[in-house]
Amino acid sequence: MNYIPFVKNSKEREALSGILILFGFLCLAFVLASILQAGMLFMNMMKEGNLDMEALGEGMNLLTSSRSGWWTLIWMQGLSSMILFIGTSLAYWSWMEKKRFSDFNSNAFPGVSTLLFVFLIQISFLPLNALVTSWNEGLHLPEALKGLEAVMKEMERQAAEITEFLAKSDTIGQLLMNIIVIGIIAGIGEELLFRGLIQRKFIRVFGNYHLAIWAAAIIFSSIHFQFYGFFPRVLLGALFGYFYVWTGNIWVPILAHIFNNSLAVIMYHLVHKGIISKDFEKMDNIPLIYVALSTVIFAFLIYSFYPKNKENV
């Protein structure tokens, strides 16, 4: 069945009211996740014997300053993603729309060959996205907004510090936990929320799936609060959005997202272990000729993928 008519003809709440209700669910989930995270942080501080008001204000720094805080932080991250993204999406879908998980799909899973083709598209996209990332990191706001730029840079630094701390997996157990939390849980939750719900609602609002895909991708990138990775994340979100519309099955963008995040986790692990260089992992120094070649391959693969799936749109 074609995905766009499937969405437009679905018996659901009016799109704008649904988005507002979903936002309310997200706010409640954020409060709940924050309370539970604070409780986990408090218990870790009790365990470490650092329970005083001054230490409480530096709780996150205490976690990232010692390897013993790694497991607490990764559990906090996993719990937050479970509640904010998976829990919110499924609660809204079930309670407010009265629908089942299968109602995210207009078509059956397209098969392993299609999934492998999707992974190949993502790999060919990596050099181009690395170039966009490098460009994005070099952006500067006008002089009048230097104060805002300083705040954003500090937020970026803190996020990068936590990401780098979690990515430094010393054992196979930590690597697997990173794949579960950063790869699987985040991949499932973020796709359910941003593609399964928000993009779907935008299709019903705008009537144009291209506009809906890019609007959802912008929100997807914005919610990470990382300006210096904003544009590459928009492109990635849009790619996931097109995978969903072109196949009509939510598992395609979910597995694509899991593949993307898990690949990054594994690359970080290999860098930490000294198996590959940091330059290779960041892909900052790829000659432009190779970026151009991979971009041509990416465009060819997209051009090949769409005709095979356009009947699903």
Output for pair (Phe230 CZ, Ile218 CD1), nearest 0.5 Å, gives 5.5 Å
Interatomic distance, Tyr228 atom OH to Ser134 atom OG [nearest 0.5 angstrom]: 14.0 Å
Could you go through the side chain to side chain contact (heavy atoms under 4.5 Å, CB included) check for Leu193 and Tyr92 one step at a time? CA-CA 10 Å; Leu193 178 62; Tyr92 173 83; over 6 Å; no
Residues Asn261 and Gly183: closest non-hydrogen pair is CB-CA, 3.7 Å
Non-hydrogen atoms of Gly187 and Ile258 that approach each other most closely: CA-CG1, 4.1 Å
Are Ile198 and Phe220 close enough that some pair of their side-chain heavy atoms sits under 4.5 Å apart? no
With sequence neighbours left out, write down each residue that passes side chain to side chain contact (heavy atoms under 4.5 Å, CB included) with Ile223, or none if nothing qualifies. Phe194
Here's a test for you: under salt bridge (Lys or Arg N to Asp or Glu O under 4.0 Å), which of Lys201, Arg204, Arg200 qualifies with Glu97? Lys201
Indicate the atoms forming the closest heavy-atom contact of His269 with Ser169, along with that distance. ND1-OG, 2.7 Å
Pairwise distance CD1(Ile203) to CD1(Ile4) - rounded to 0.5 angstrom: 4.0 Å
Closest contact, heavy atoms only, Ser262 versus Ile179: OG-CG2, 3.7 Å
Close side-chain approach of Asn107 and Phe6, heavy atoms under 4.5 Å: no
Looking at Ser294 and Val291, would you say the former's side chain and the latter's main chain have a donor-acceptor pair under 3.5 Å? yes
So the salt bridge (charged side-chain N to carboxylate O under 4.0 Å, His left out) pairs with at least one residue in residues 260-276 (sequence neighbours excluded) are none
Is it true that Val181 and Trp71 fall in one hydrophobic cluster, defined by side-chain heavy atoms closer than 4.5 Å? yes
Side-chain contact test, heavy atoms from C-beta onward, threshold under 4.5 Å: evaluate it for Val245 versus Val7 and give yes or no. no
Validation: residues 109-123 side-chain donor-acceptor distances under 3.5 Å, sequence neighbours left out:
residue : atom : partner : partner atom : Å
Gln122  : NE2  : Ala256  : O            : 2.8

Measure from the side-chain N and O atoms of Asn136 to the backbone N and O of Phe231, and report whether any donor-acceptor pair falls under 3.5 Å. yes
Tyr244/Tyr3 aromatic ring centres below 6.0 Å: yes
Does Tyr209 have its ring centroid less than 6.0 Å away from the ring centroid of Trp246? no
Inter-residue atom distance Phe165.CZ - Ile162.CD1, 0.5 Å rounding: 9.5 Å
Under 3.5 Å donor-acceptor pairs involving side-chain atoms of residues 13-37, not counting sequence neighbours:
residue : atom : partner : partner atom : Å
Arg13   : NE   : Met96   : O            : 3.3
Glu14   : OE1  : Leu16   : N            : 3.3
Glu14   : OE1  : Ser17   : N            : 3.0
Glu14   : OE2  : Leu16   : N            : 3.4
Ser17   : OG   : Glu14   : O            : 2.9
Ser34   : OG   : Phe30   : O            : 2.8
Gln37   : NE2  : Met76   : O            : 3.0

Just grab all the side chain to side chain donor-acceptor pair (under 3.5 Å) pairs involving residues 229-242, residues at least two apart or on different chains. His210-Tyr242, Trp214-Tyr242, Gln226-Arg233
What's the spacing between Leu239 CG and Phe243 CZ if we round to 0.5 Å? 3.5 Å
Over 60° means perpendicular and under 30° means parallel, so classify the ring planes of Phe206 and Phe202, tilted if in between. tilted
Specify the closest pair of heavy atoms between Pro127 and Ser124, including all atoms of both residues, with the distance to one decimal. CD-O, 3.6 Å
For Asn208 and Leu211, indicate whether the former's side chain and the latter's backbone hold a donor-acceptor pair under 3.5 Å. yes
So, the side chain of Trp70 versus the backbone of Leu166: is there a donor-acceptor pair under 3.5 Å, distance only? yes
CD1/Ile250 to CD1/Ile188 distance, rounded to the nearest 0.5 angstrom? 10.5 Å
Taking only residues two or more places apart in sequence or in another chain, which ones pass ring pair (Phe, Tyr, Trp, His ring centres under 6.0 Å) with Phe125? Phe298
Check side-chain hydrogen bond (donor to acceptor under 3.5 Å, both in side chains) between Lys99 and all other residues, then give those that pass, not counting sequence neighbours. Ser10
Show me the side-chain donor-acceptor pairs of residues 77-88 shorter than 3.5 Å, one per line, residues at least two apart or across chains.
residue : atom : partner : partner atom : Å
Ser81   : OG   : Gln77   : O            : 3.3
Thr88   : OG1  : Ile83   : O            : 3.2
Thr88   : OG1  : Leu84   : O            : 2.8

Contacts of Pro287 meeting side chain to side chain contact (heavy atoms under 4.5 Å, CB included) (sequence neighbours excluded), chain-then-number -> Ile289, Tyr290
Under 4.5 Å between side-chain heavy atoms, hopping through other hydrophobics if needed: is there a path connecting Val296 to Leu301? no
Qualifying residue for side chain to side chain contact (heavy atoms under 4.5 Å, CB included) with Phe104, from Leu197, Asn249, Ile254: Leu197
Indicate if Leu139 and Val132 have the same hydrophobic cluster label, given that clusters are the connected sets of ILVMFWY residues with side-chain heavy-atom separations under 4.5 angstrom. yes
With sequence neighbours left out, write down each residue that passes salt bridge (charged side-chain N to carboxylate O under 4.0 Å, His left out) with Lys146, or none if nothing qualifies. Glu149
Among pairs that include at least one residue of residues 178-192, which meet salt bridge (charged side-chain N to carboxylate O under 4.0 Å, His left out), considering only residues two or more places apart or in two chains? Glu191-Arg195
Shortest non-hydrogen contact from Ala238 to Ala217? N-CB, 3.5 Å
Arg100 backbone acceptor or donor facing Asp103 side chain under 3.5 Å: yes
Contacts of type side-chain hydrogen bond (donor to acceptor under 3.5 Å, both in side chains), residue Gln199, not counting sequence neighbours: none
